[in-house]
Amino acid sequence: MISTEYLVDLLATASIEAPGDNYVDVERMILAREVETAIFQHPPSLITFSGLKIGKQAKLHFACGIKEVAWPLIKNEVRFAIRVESSTEETLFEAKLHPRKRSSDCGWHKQELDLRRFEGQFVRIILQTAVPWRRSTEYAWAGWANPRIVHQCGAAPIIARKDRYPHIFLLTADALPARYLGCYRSPRVQTPHLDSLAAEGILLEQAWSQSCMTLGSYASLLTGLHPHEHGVSREWQAFPVSKINLPKALKQHGYHTLFAPSSRELSGRNNDLDRVFDEIVPTYSNPIQDGSVTTRQFMRWFAQRPDRPCFNWIHYFDVHPPSMPPAPWNSIYYADDPTSHQREYLPQDISKVRCVESALILRVSMPTLERGQSVAEVVDVLEDTVAVLKGQSDLKPDLAEHILNLGARAMQNQSRVNFAQWLAEQTQKLAAGHASSELVHWLKDLIKLLGKTEADITSWLRDVVDFRYPLAIYDSTITYLDSHIETLISYLKEQGIYDQSLIVFTAPHGEILANPTLPYHHFVLSAETLHVPLIVKPPQQIKYARGARLNGVFDLIDLFPTIMDLQGFEDSGNITGVSRWNQLRNGEDIPPRDSFASGLHQLSHSICRPPNLLVQKRPSLQTNTFHAIVGGANEMLYDTVSGEVLGNGVPNAVESLRRSLDEWRNRAGISGP
């Protein structure tokens, strides 16, 4: 049979010779609007993959290239080489690229090497990058696009596990609103495999998140608690391990727990999830990982699962913008030239698409800061950054990480100690309500320094003038995600465990794509960020309302008790979420109820009572907030169906929602300063 061996998947066990740890990594690299999962290999470095047995008709497929952001900056040409060692050593490929001097070197250079003469042999494949002797390696940001061996191999013996355990698979996709899926009546986006899962399971029409923040929402999903109850109100906090949570509760019933993340931020940023799960599958890519890699790695690990029921969380990041999928998905919904001025549409919005979260908040807050006024979220980010710089905290906002990576350039050429003291003093003034000109000047300089990082990630938007293009690419990422669901479900069926398993698909939050102030973000409470998909496919042996579409609000905090109830386990203790298994089993709508959510840093809250969603800045807060800057007001009313902002045409409904939100905040104890 035809088999593909992805060298990206083997990098963790390869031998690497390089001057530093950051010289070799796995990244998603986009050159001339072609995205590839690549092995980043800064010269001079050597990567050796050992013990590879070559089958029949073997070919090595790959491409080599230099990061687009480095094209005008690279100092010297980069030499790429591939050698194969068996009984002898042979150089099969050499190329020299210098995109600053040769336009023909801009982009991916696709190659195919014949390995048939090594049939039946165990070989070592060596990838090497170098620059001329004693020449600068500055901006020599080289990479190998998805190197893989395609060959005919004898069919691997099938290990018949034939376990009948009630496995649980939690599948999540960051930044995915419900309305973009075919099964949620999207007229445009194709998601046939998620649609099929919904047809075999139960679809919740009104699933609502309790946070627009990734980690805060996941913490709510896994603990059954609101953010003010579990304490996670910032992206860079740790998971509340002291709280009862779904993995811990399932462990008590004999489950092995495993987490396969697609983001290093979620898996390796001191967030304590390694204290929650028995195993965490390493995230190879930096900072985010293509879902195909995550799926392959999960299947390898799951094949070695212990002989007991397993709870598996597979986390996907492909949809999270600004991102684009590989070919052929990248052209499904847009086949024209997005740089053509004949197709110009909202070009000013394209320049607002950002990817560094702290820079995104700072850019939008800058007009307010320039007026000398404070912004609450900026205060919180800077206070936590100061704590990191002073060595008082290991929980790093991304701003602190970027400052440390940039070094003296980002610290006004001061020592870390002196700069931390200066920033602490400036932050104290900001917290008191005044943004000094010195602080504003430094923040502007810092935003410029972060420009290269952003330009690298958003290189596929260079010269684009048609805002419909990034919107179409977002749609493409969803169909690409759907292909990962197909791969995973096909694997479960091949293993004979699909029918007996509980499969849940959802998202921690949605995404706001079109907004005149700030497109492509999820940092404010809105119908687009809080209304998420939720599909539940129970085990076949349990009687349930197959194919049902249920109305009524289902909070993500309800998932924990619902899963426990579905599995026949007792109540898990002091949690806020409520089991909805009776309604799911009987195909009944969930009784009317209000849903509450918290914004960044607990500075805003919302109440959802379909068809209305009311969002308010915390009344006691006497300063500007990101929510008010982006939305243009301290209070917003949304239509939960269309996601549009409503006017003042429903005053009675607004007053009732205000009262209920105030009562909830009073009960929760979050009305004060």
Side-chain angles (χ1 to χ4, degrees), residues 69 72-73 139 234-236 322 347-390 396-459 461-462 515-521 523-524 600-601 603 623-632:
V69 71
L73 303 169
Y139 295 109
R234 292 156 161 79
E235 290 284 22
W236 52 88
Q348 69 279 3
D349 285 7
I350 296 170
S351 64
K352 298 176 184 176
V353 176
R354 299 295 171 184
C355 50
V356 176
E357 292 184 354
S358 55
L360 181 151
I361 293 174
L362 292 173
R363 284 177 186 274
V364 175
S365 303
M366 191 53 66
T368 303
L369 297 172
E370 287 178 321
R371 293 193 297 269
Q373 300 172 358
S374 181
V375 178
E377 287 87 348
V378 175
V379 172
D380 285 352
V381 170
L382 292 181
E383 285 180 343
D384 289 347
T385 297
V386 167
V388 172
L389 294 176
K390 288 187 172 184
K396 299 178 183 178
D398 69 328
L399 186 68
E401 290 191 341
H402 287 301
I403 289 173
L404 292 172
N405 289 336
L406 289 167
R409 290 180 295 165
M411 293 188 278
Q412 301 179 331
N413 293 314
Q414 299 183 52
S415 69
R416 177 171 170 173
V417 171
N418 290 341
F419 176 76
Q421 183 57 38
W422 175 85
L423 186 58
E425 294 169 358
Q426 296 297 323
T427 303
Q428 287 174 359
K429 295 178 184 178
L430 191 65
H434 174 66
S436 70
S437 58
E438 294 88 351
L439 177 64
V440 170
H441 180 74
W442 171 72
L443 289 174
K444 286 182 174 180
D445 286 345
L446 182 62
I447 289 172
K448 290 179 182 178
L449 288 173
L450 294 172
K452 285 189 176 64
T453 300
E454 294 197 302
D456 182 24
I457 298 173
T458 60
S459 62
L461 288 173
R462 183 169 59 89
N515 181 282
T517 303
L518 184 63
Y520 283 78
H521 76 98
F523 296 132
V524 299
L600 286 172
H601 306 201
L603 300 177
T623 188
N624 299 292
T625 66
F626 188 78
H627 158 76
I629 292 172
V630 174

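Since the structure is predicted, the reported quantities are computational estimates derived from the model, not experimental observations.
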S.K.: Between CD1 of Ile403 and NZ of Lys396, what distance do you get to the nearest 0.5 Å?
M.R.: 11.5 Å

S.K.: side-chain contact (heavy atoms from CB on, under 4.5 Å) for Leu404 and Arg416? Distances and angles first, verdict last.
M.R.: CA-CA 9 Å; Leu404 292 172; Arg416 177 171 170 173; 3.7 Å; yes

S.K.: Can you confirm whether Leu439 sits close enough to Leu382 that some side-chain heavy atom of one is under 4.5 Å from a side-chain heavy atom of the other?
M.R.: yes

S.K.: Looking only at non-hydrogen atoms, find the nearest pair between Asn624 and Gln373 and report the distance.
M.R.: ND2-OE1, 3.3 Å

S.K.: About how many Å separate CD of Gln412 and CH2 of Trp422, when rounded to the nearest 0.5 Å?
M.R.: 4.0 Å

S.K.: Return yes if some donor-acceptor pair links the side-chain N/O of Ser374 with the main-chain N/O of Leu430 below 3.5 Å, else return no.
M.R.: yes

S.K.: Give, for atom NE2 of His601 and atom OG1 of Thr625, the distance between the pair rounded to the nearest 0.5 Å.
M.R.: 11.5 Å

S.K.: Val524 and Leu600: side-chain contact (heavy atoms from CB on, under 4.5 Å), yes or no, with the steps?
M.R.: CA-CA 7 Å; Val524 299; Leu600 286 172; over 6 Å; no

S.K.: List for me each residue that meets ring pair (Phe, Tyr, Trp, His ring centres under 6.0 Å) alongside His402, sequence neighbours excluded, and say none if there are none.
M.R.: none

S.K.: Flag the pair Val630 / His521 as yes when at least one side-chain heavy-atom distance between them is below 4.5 Å, and no otherwise.
M.R.: yes

S.K.: Would you check, one step at a time, whether the test side-chain contact (heavy atoms from CB on, under 4.5 Å) holds for Leu73 with Lys452?
M.R.: CA-CA 11 Å; Leu73 303 169; Lys452 285 189 176 64; 3.6 Å; yes

S.K.: What distance separates Phe626 CZ from Asp380 CG, expressed to the nearest 0.5 Å?
M.R.: 13.5 Å

S.K.: Compile the donor-acceptor pairs under 3.5 Å between side chains in residues 383-390 and protein atoms, sequence neighbours left out, one pair per line.
M.R.:
from   : atom 1 : to     : atom 2 : distance (Å)
Asp384 : OD2    : Arg234 : NE     : 2.7
Asp384 : OD2    : Trp236 : NE1    : 2.9
Thr385 : OG1    : Val381 : O      : 2.8

S.K.: Looking at every non-hydrogen atom in both residues, tell me the closest pair between Ser365 and Val375 and how far apart they are.
M.R.: OG-CG1, 3.7 Å

S.K.: Please report the closest heavy-atom contact between Val440 and Ala435, naming both atoms and the distance.
M.R.: CG2-CB, 4.3 Å

S.K.: Rounded to the nearest 0.5 Å, how far does CG of Leu406 lie from CE of Met411?
M.R.: 9.0 Å

S.K.: Can you check whether Ser358's main-chain N or O pairs, donor with acceptor, with Asp398's side chain at less than 3.5 Å?
M.R.: yes

S.K.: Within the structure provided, determine whether His627 and Leu603 are in side-chain contact (heavy-atom separation under 4.5 Å).
M.R.: no

S.K.: Table please: side-chain donor-acceptor pairs of residues 442-451 below 3.5 Å, with sequence neighbours left out.
M.R.:
from   : atom 1 : to     : atom 2 : distance (Å)
Trp442 : NE1    : Ala410 : O      : 2.9
Lys444 : NZ     : Glu370 : OE2    : 2.4
Asp445 : OD2    : His441 : NE2    : 3.3

S.K.: Rounded to the nearest 0.5 Å, what's the gap from NE2 on His434 to CZ on Arg371? Could you check?
M.R.: 14.0 Å

S.K.: Quick test of your reading of the model: are Arg354 and Glu454 salt-bridged, counting only N-O distances below 4.0 Å?
M.R.: yes

